[in-house]
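Quick notes on the structure that follows.
Order of listing sets the numbers, starting from 1, for every ligand and every atom in it. The chain is numbered in sequence order, starting from 1.
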Amino acid sequence: MSARDPAAPPGGPAPGALDVTKLALGDVPLILMYHGVADVPEDPNHLFVSPARFAEHMAWLRRRGLRGVSISTLVDAMRSGRQRGLVGITFDDGYVSVLETAVPELARYGFGATAYIISGRLGGSNEWDEGPTWPLLPADGVRELAAAGIEIGSHAATHMRLAGVGPEHLSAEIHGSRASLAALLGTEIRGFAYPYGSMDAAARRAVREAGYDHACAVEASKAEIGLMALPRIYVGQQDDATRMAAKRLLYRGRIALRSRPGGRAPQTPAAESR
Ligand SMILES: [Zn+2]
């Protein structure tokens, strides 16, 4: 349940403020998950949207009276009950094309976003994926992204699955990546995104204990949803305005479906959890 308490004492939560540690399904915000933004000849892992498609998505948000924001902005707004009309925009992995193409488009609308960077792969590529690989931002590029107003979060140190791994890996991937990105940027790193959306209770605990304020998952059940597992919806090249509207309408229903015993939302391609 969310903690909306109209009789909250002065100094207590503002009216409409959410207890974000245990989000009710109806309070789960819409958070879009992107990877790269570029015209690419071959994209078997469905990681890219074209610049034209991305522009269409941003225009769609504006037409619907919605504002794209970073996840820290979104979570702060949820805490103070001012989240209405805000949509989280995220980019996983830190592809070079985010800086080149998405940033100018976001700026046109005054939108914010969060990029989740893999601290141990700066200047590398997504070699964990089968198929074509794409360049990841080097250290300077990550600094440039931050200077352009994009929030930088951690996407772990090496992009490994975190569900079921031991404490040493959890510490290196979660705590270690936060420390390196903080050193790189000279700022606090508030957000984390689980690679592949892979997490369990131990991973969520490790994220909280490492000092992160919040973390993005991909799919999460009602029992898992909260500040350490904010669900996101995959958006891709196939998503025109009609499909975006449908996704906005249905995303909470999909979480409810997944949360049934043995429940699994229909149509969950692997591409949705990179
Ligand atoms: Zn990733």
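At least one N, O or S atom of D93 sits under 2.8 Å from the Zn ion (ligand 1). Distance check for H155 against the Zn ion (ligand 1): an N/O/S atom falls below 2.8 Å.
Ring orientation note: the planes of W128 and H159 are close to parallel, at an angle under 30° on the 30°/60° scale.
The side-chain tip of R178 points at the ring of Y212 from less than 6.0 angstrom away and within 45° of straight on.
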**Request:** Dump the intermediate steps for salt bridge (charged side-chain N to carboxylate O under 4.0 Å, His left out) on E127 and R121, then the final yes or no.
**Result:** CA-CA 10 Å; E127 55 196 47; R121 291 190 185 269; 3.5 Å; yes
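Of all N, O or S atoms in H159, the one lying closest to the Zn ion (ligand 1) is NE2.
More than 12 heavy atoms of other residues, nucleotides or ligands lie within 6.0 Å of NE2 in H57, so this atom counts as buried by the packing criterion.
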